[in-house]
A.B. asks: 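Next up is a structure, given as structure tokens.
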Amino acid sequence: MITMTSEPINPDALRGQLFDPTAGAYCSFEGWVRNHNEGHEVERLEYEAYEPVAISEGEAILAEARERFGDVRAFCVHRTGMLEIGDCAVWVGVSSPHRDEAFSACRFIIDALKVRLPIWKKEHYTDGDSGWVNCERCAAHA
Amino acid sequence: MITMTSEPINPDALRGQLFDPTAGAYCSFEGWVRNHNEGHEVERLEYEAYEPVAISEGEAILAEARERFGDVRAFCVHRTGMLEIGDCAVWVGVSSPHRDEAFSACRFIIDALKVRLPIWKKEHYTDGDSGWVNCERCAAHA
Amino acid sequence: MKQITVRYFAMFRENAGVNSERLALDVATAADVFEATRDRHGSAEPQGHCKVAINDQMADWASPVEDGDTVLLFPPVAGG
Amino acid sequence: MKQITVRYFAMFRENAGVNSERLALDVATAADVFEATRDRHGSAEPQGHCKVAINDQMADWASPVEDGDTVLLFPPVAGG
């Protein structure tokens with residue numbers, strides 16, 4: 001399951017949903033807002049998502065992970081709106097019988113989410129400028 | 001830092017200790033007690049550790065991770081004593097600027113902990129038998 | 001001419017100044033819609049860095065567009 | 001002869017029936033201590049699957065043992 005939320009992510013509650021008596025391994029990944037990117041000092045981040053497609057693409061990615069890595073349970077949550085330094089922007093959790101699959105599926109999911117979901121990130125810099133990440137000619141600092 | 005504890009592990013509190021304004025990625029691994037192993041139905045697990053060497057070897061592993069993967073913060077905690085199905089037996093958390101290092105360091109640490117720390121696991125089966133894991137000729141089911 | 005609703009996101013929305021617009025376009029594919037709106041709004045982002053969905057389904061640039069379709073233009077994404 | 005304190009863990013402890021014992025042994029290396037205690041307690045675990053520490057420092061089987069040392073015999077480990 002994948003959800004989008006404008007509220008703070010609570011990893012501990014999400015983790016509990018992945019419990020399974022057959023699961024011996026749990027791997028999670030979180031993306032945190034850090035205070036710098038490519039030489040710029042970041043003050044906060046703004047995430048915009050197009051939810052209908054973000055959800056359907058996210059579910060497709062989770063289904064692909066189950067197909068590739070077998071007996072895994074996987075959830076993810078992505079934040080939207082304005083985030084401050086240290087906030088959790090994305091959480092991915094995977095449980096499985098053994099650790100190989102948990103690590104591999106978790107990595108596969110976050111890598112795919114980053115390039116396939118219709119989500120955009122605008123960085124607001126300490127100098128007052130801002131820019132959309134990955135846009136070649138649109139960022140203020142480009 | 002590595003610690004050994006006979007109390008339940010609280011991942012959320014531990015995760016908070018890895019916050020750093022330069023960290024954009026966090027990867028955690030947990031080993032959970034599962035209800036089966038190599039065909040046997042497991043009822044509970046007992047962990048015995050020799051703490052002085054478990055701590056010094058654990059710290060050596062964390063130092064090796066920092067040497068290999070650079071700018072990573074890493075903690076781990078290992079349980080001792082009697083654990084039930086679903087209990088968290090080991091927790092590893094790593095934060096770093098980027099996700100490659102977080103995943104790689106987390107995997108390196110759990111792999112090394114499992115083979116280098118003086119920790120032993122006795123499985124108690126639903127049929128009343130028990131056996132030390134990895135011992136070739138000592139387990140009741142061997 | 002086909003009636004196409006075009007929705008813009010992130011920098012495309014800021015560039016166009018609107019969330020969406022209904023346009024009468026002489027287009028066959030999603031790529032044609034991309035070009036028509038690029039000419040209209042002056043975006044400089046290469047098509048190869050962008051993605052497109054038609055009626056909430058991810059699509060290829062070669063996908064055909066029909067009268068009444070809603071085409072979603074996604075600038076380079078950056079989740080996570 | 002050297003006075004060696006040997007500490008047993010997990011299945012080695014169950015096998016020996018004691019946590020530790022002080023033995024007078026004619027030994028040069030950690031491997032010699034392993035063999036002496038194997039003969040004494042009848043453990044069947046191959047040395048190659050086990051580990052050893054001397055005075056709380058991880059050691060090799062070829063490491064020398066001195067009079068008064070404490071040798072820790074670790075059966076196959078299984079953390080995590």
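Nothing here was measured: the structure is a model prediction, and the numbers come from that model. Just so it is clear: chains get the letters A, B, ... in the order the sequence lines come, proteins before strands, and each one is counted from 1.
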A.B. asks: Would you mind telling me which of Asn35(A), Val90(A), Asp111(A), Ile110(A) has the largest number of heavy-atom pairs within less than 4.5 Å of chain B?
C.D. replies: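 Option with the top pair count is Asn35(A).
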A.B. asks: More than 12 heavy atoms of other residues, nucleotides or ligands under 6.0 Å from CD of Glu41(A): is that the case?
C.D. replies: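 For Glu41(A), atom CD is not crowded (no more than 12 foreign heavy atoms under 6.0 Å).
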A.B. asks: Hey, what do you get for OG (Ser28(A)) to CD (Glu30(B)), rounding to the nearest 0.5 Å?
C.D. replies: 7.0 Å
A.B. asks: Might you point out which heavy atoms bring Pro97(A) and Arg34(B) nearest each other, and give the distance in Å?
C.D. replies: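 Answer, listing the atom of Pro97(A) first, then Arg34(B): O-NH1, 3.6 Å.
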A.B. asks: Between CH2 of Trp32(A) and CG of Leu18(B), what distance do you get to the nearest 0.5 Å?
C.D. replies: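 One finds 5.5 Å between CH2 of Trp32(A) and CG of Leu18(B).
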A.B. asks: Side chain, backbone, both or neither: which part of Asp100(B) has a non-hydrogen atom closer than 4.5 Å to chain A?
C.D. replies: both
A.B. asks: Which one, Gly86(A), Gly31(A), Cys27(A), Ala23(A), leads in non-hydrogen pairs under 4.5 Å with chain B?
C.D. replies: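 Max contact count across the listed options: Ala23(A).
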A.B. asks: Atom CD of residue position Glu84(A) - does it have more than 12 heavy atoms of other residues, nucleotides or ligands inside 6.0 Å?
C.D. replies: yes
A.B. asks: Is chain A contacted by the side chain of Asn37(B), its backbone, both, or neither, given a heavy-atom distance below 4.5 Å?
C.D. replies: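 Neither the backbone nor the side chain of Asn37(B) comes within 4.5 Å of chain A.
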A.B. asks: What is the distance from atom CZ of Arg107(B) to atom CZ of Arg107(A), rounded to the nearest 0.5 Å?
C.D. replies: 13.0 Å
A.B. asks: Would you please test Phe29(A) and Phe103(B) for ring-ring contact (aromatic ring centres under 6.0 Å, His included) and show each step?
C.D. replies: CA-CA 8 Å; Phe29(A) 176 82; Phe103(B) 273 104; 5.4 Å; yes
A.B. asks: Counting only heavy atoms closer than 4.5 Å, note whether Cys88(B) contacts chain A via side chain, backbone, both or neither.
C.D. replies: side chain
